[in-house]
Number of protein chains: 2
Amino acid sequence: MTDPKPDTPERPQRATAEMVARIAKVSRVAVSRAFNPDASIKPEKRAHILDVAQTLGYAPDRAARALVTRRSHLVGVIVPDVWSPWESQEIDVLTAALQNEGFATLLFKTRTDYSIDPTLLTYMRGFNPDSVIAFTENVRPRTLTKVLDRAVPIYIDYPQTAGDGYWDREDEGLLFDRLNILTRGGIEQAVAMMQGYGARRIAYLSGLSRSLASVAREETLRSIMRERGLPDPVLFPGDFTYDTAYSATLDLFRLGDGADAIFAANDVGAFGIIDALRHELNLRVPEDVMVVGFDDIQQAHWKSYNLTTVKVDIDQRVQALVRLILRRLKNPHVPPMEETIATRLVVRGTVGKRG
Amino acid sequence: MTDPKPDTPERPQRATAEMVARIAKVSRVAVSRAFNPDASIKPEKRAHILDVAQTLGYAPDRAARALVTRRSHLVGVIVPDVWSPWESQEIDVLTAALQNEGFATLLFKTRTDYSIDPTLLTYMRGFNPDSVIAFTENVRPRTLTKVLDRAVPIYIDYPQTAGDGYWDREDEGLLFDRLNILTRGGIEQAVAMMQGYGARRIAYLSGLSRSLASVAREETLRSIMRERGLPDPVLFPGDFTYDTAYSATLDLFRLGDGADAIFAANDVGAFGIIDALRHELNLRVPEDVMVVGFDDIQQAHWKSYNLTTVKVDIDQRVQALVRLILRRLKNPHVPPMEETIATRLVVRGTVGKRG
DNA sequence: TTGACGAATGAACACGTGTTCATTTTACTG
DNA sequence: CAGTAAAATGAACACGTGTTCATTCGTCAA
């Protein structure tokens, strides 16, 4: 109350293009051009301006720039759980790649059941992301584009087998850019290896029931097993989490008929399975039950698990993602494109000789 | 080249306050007021405007708003590894809390050796974060404030014992808001328990050598052990990662003299220790060697590790963080404040009877 | 030297919003 | 009903930048 002024600018004002111009003895427009690679300005003049800007710690205000450019250089990432190993590893690599291209990652959390609060989209819209990457499938692309008109939505984990009406697919092609996982390669190797070691009753621990990623893996698994003359996989329900996988495994072996081998929808689930088998059911892995995961997260090589798993190459995925984003940002009118990442089996210690 | 126009506005223009005003038959200023809780506007008028805005999917453009308000509602988070379990779990909770308050998390990655690229600060500055949370200590607060003049920097993992000159501390108090961990409580319980089970030679696996968090834990450990008449802890160097912990443990037992118990600077390091002991050195945990971690990350309760560890309550930390941020944003001139989070031991299975 | 042409320059405008301030309307008191 | 204070309104300006367009500068050939 007795303060002299509520808004006393004690700290030095942030450097602005105007200030740089004044000190460098040039016009403000020249400063703008110095920071815009395509603008025409005499090289030595640009160098001088950048030099002055450097000493002043000046960088163009992205808010002001966004206002006129219509480019925020922000990429929104929608994710249920940041701490989930696979997602966090992908966000890590993605953030590095985006940072390299002059973008920054903007994080938004959805409910953990992978559903999106409708108000979240409007909320997100206020930040004007140039692109949106949804780590969840429970929002229809059309809904996204309706709200985020200026943003470029990209969907990942989009299974190839799930185009049957649920998703917006026009007759002549795609409506949106997509990034797919070609699950077949890795799963085929996994089944071959398990079968080679004598597994016949193979169970599948699913992810969240409505998850398209989980469904795609399940269908691929079943189709491969049929081709190889194996009985259909025993299905038991998970939700991508350790705890659920743990108790589901107990149910499978105590209430159900067990299995020779288990294929999990993701690595974390596989960890839950392994721990339930070893520490609660007194079964050996792989001698009594083989386990295969999906993702190949960092933790998969930890010695306690040493998990044989289907690897999805994160670097490849992120490169493809960034490629898609930049392509569409450069020209919003190019037709939607779809990139596909292959998978392969990483052999460690959870598949092996029986007995 | 033959395209009609490069800028054809095919998709509907994003709704603006102007459009809302026109449809709702009010002035644009009224729309602004409707979205500003403190502004004075007739309640039914506001309701009507918000209603129209709702159907148009309108939300105020934060870039434009930031330009005049000087508030971007962005909180920058500087972190070396997003996927690192502890960091990703804290980012997860923090993002949820910030989202709840109308802010969004902006992610920036530093080099993995925890050092900050000087250009990153200028880069970050362009985005005008209202506040910056640094998950790394290798940047001096003063450097940060120099570049991010408008932002409110907050430091976490700031050890209480490390105020000796390295950090900017004025005689009369703090220069910046801080969040501390009171390591003593949890470590004291851990040492007492290990000693109770007969451990005498206790080793400390450090984090990154220059990490203040690691140094603080080490000093607290040593001081407690001295008070209890134990010999100084054997120090062996880690860097918070699994792999380094693993090989460092092999060195400790093959080249060095081993230990009765090991206290790790973080949980992930403890996992590496446990796996090296069990799977490579054929030692039992806790019967041959006890292990205690620090953090209590989600993975600590996984049955393969079942780690006894010093818990830092993430929810408490995030609540304190958000409190600090909002407080300073509300009034940038309040004196810096320091909050401290207590720790406590979570007892699981890696400390127990010897033999 | 003149002419012409491309490169470089700066004035003015636009982006979408919050805020100030003078003005008008509403509500309440006597 | 008159009078007054409080509440609500709208015009104009500001925020910091990119961009357009008419103008000026520089260069080189004739």
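Keep in mind the model is a prediction, meaning the values are calculated, not measured. In what follows, chains carry the letters A, B, and so on, assigned in the order in which the sequence lines appear, proteins first and then strands, with residues in each chain numbered from 1.
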Open item on the list: As an exercise, state the distance from CG of B:Leu74 to CG of B:Asn128, rounded to the nearest 0.5 Å.
Closed with: 8.5 Å

Task: Whole angstrom value for the distance that separates C1' of D:dC15 from CG of B:Asn128 - done: 11 Å

Open item on the list: Rounded to whole Å, how long is the line connecting atom CG of A:Asp61 with atom P of D:dA14?
Closed with: 18 Å

All N/O pairs under 3.5 Å across the protein-nucleotides 4-6 of chain D interface:
none

TODO: Grab the CD-C1' distance between B:Glu18 and C:dG18 for me, whole Å please.
DONE: 15 Å

TODO: Would you indicate which nucleotide in C:dT19, C:dT17, D:dC15 comes nearest to any side-chain atom of B:Asn36?
DONE: C:dT19

- [ ] Give a yes/no answer on whether the side chain of B:Thr16 brings an N or O atom under 4.0 Å of OP1 or OP2 in C:dT17.
- [x] yes

Open item on the list: Between P on D:dG18 and CZ on A:Phe35, what's the gap in Å once rounded to a whole number?
Closed with: 9 Å

Open item on the list: Whole angstroms only, please: what is the CZ-P distance between A:Arg65 and C:dG16?
Closed with: 18 Å

Can I get a per-line list of side-chain donor-acceptor pairs under 3.5 Å for residues 21-36 of chain B, giving both atom names and the distance, sequence neighbours left out?
residue : atom : partner : partner atom : Å
B:Ser27 : OG   : B:Val29 : N            : 3.4
B:Ser27 : OG   : B:Ala30 : N            : 3.2

Open item on the list: For a quick test of reading the model: is some side-chain N or O of A:Arg70 closer than 4.0 Å to OP1 or OP2 of C:dG16?
Closed with: yes

- [ ] Mind checking salt bridge (charged side-chain N to carboxylate O under 4.0 Å, His left out) for A:Arg323 and listing every partner two or more places apart, or none if nothing turns up?
- [x] A:Glu339

Donor-acceptor pairs under 3.5 Å, side chain of residues 93-100 of chain A to any protein atom, not counting sequence neighbours: which ones?
residue : atom : partner  : partner atom : Å
A:Thr95 : OG1  : A:Ile91  : O            : 2.7
A:Thr95 : OG1  : A:Thr105 : OG1          : 3.1
A:Gln99 : OE1  : B:Lys109 : N            : 2.9
A:Gln99 : NE2  : B:Lys109 : O            : 3.0

Task: Separation between CG of B:Asp315 and CD of B:Glu90, rounded to the nearest 0.5 Å - done: 10.0 Å

Task: Distance (rounded to the nearest 0.5 Å) between B:Ile41 CD1 and B:His48 NE2 - done: 10.5 Å

Is there any protein nitrogen or oxygen under 3.5 Å from a nitrogen or oxygen in nucleotides 6-10 of chain C, and what are the pairs?
residue : atom : partner : partner atom : Å
C:dT9   : OP1  : A:Lys45 : NZ           : 2.6
C:dT9   : O5'  : A:Lys45 : NZ           : 3.4
C:dG10  : OP2  : A:Ser27 : OG           : 3.1
C:dG10  : N7   : A:Arg33 : NH2          : 2.6
C:dG10  : O6   : A:Arg33 : NH2          : 3.3

Task: Spacing of B:His48 atom NE2 relative to D:dA8 atom C1', expressed in whole Å - done: 16 Å

- [ ] Can you tell me the distance, in whole Å, between the CE atom of B:Met19 and the P atom of C:dG16?
- [x] 10 Å

Task: Side chain of B:Ser32 (C-beta onward), nearest among C:dG18, D:dG16, D:dG18 - done: C:dG18

- [ ] Take atom CZ of A:Arg71 and atom C1' of D:dG18, then tell me their distance rounded to the nearest Å.
- [x] 13 Å

Open item on the list: Can you classify the ring geometry of B:His73 versus B:Phe103 as parallel (below 30°), tilted (30 to 60°) or perpendicular (above 60°)?
Closed with: parallel

Task: Between the first and last five pairs of the helix from C:dT1-D:dA30 to C:dG30-D:dC1, the angle of the axes, rounded to 10 degrees - done: 30°

- [ ] Cation-pi check, B:Arg125 to B:Phe108: give yes when NZ or CZ is under 6.0 Å from the six-membered ring centre and within 45° of the ring axis, no otherwise.
- [x] no

Open item on the list: I want to check a possible cation-pi pair here: A:Arg65 against B:Phe127, using under 6.0 Å from ring centre and within 45° of the ring axis as the test.
Closed with: no

Task: Selection from C:dG16, C:dT17, C:dC15 that lies nearest to any side-chain heavy atom of A:Val68 - done: C:dC15

Task: Quiz item: A:Arg28 side-chain donor-acceptor pair to D:dG18 base, under 3.5 Å - done: yes

Open item on the list: Mind checking if B:Tyr58 touches a base, just sugar-phosphate, or nothing, with heavy atoms under 4.0 Å?
Closed with: sugar-phosphate

Open item on the list: I'd like to know if the side chain of A:Asn180 reaches the main chain of A:Thr340, judged simply by a donor and an acceptor atom lying under 3.5 Å from each other, with no hydrogens or angles considered.
Closed with: no

Open item on the list: Does A:Gln54 have more than 12 heavy atoms from other residues, nucleotides or ligands lying within 6.0 Å of its CD?
Closed with: no

Task: SB check A:Asp177 A:Arg327 (cutoff 4.0 Å) - done: yes

Task: A:Pro60, nearest nucleotide to its side chain (from D:dG18, C:dG16, C:dG18) - done: D:dG18

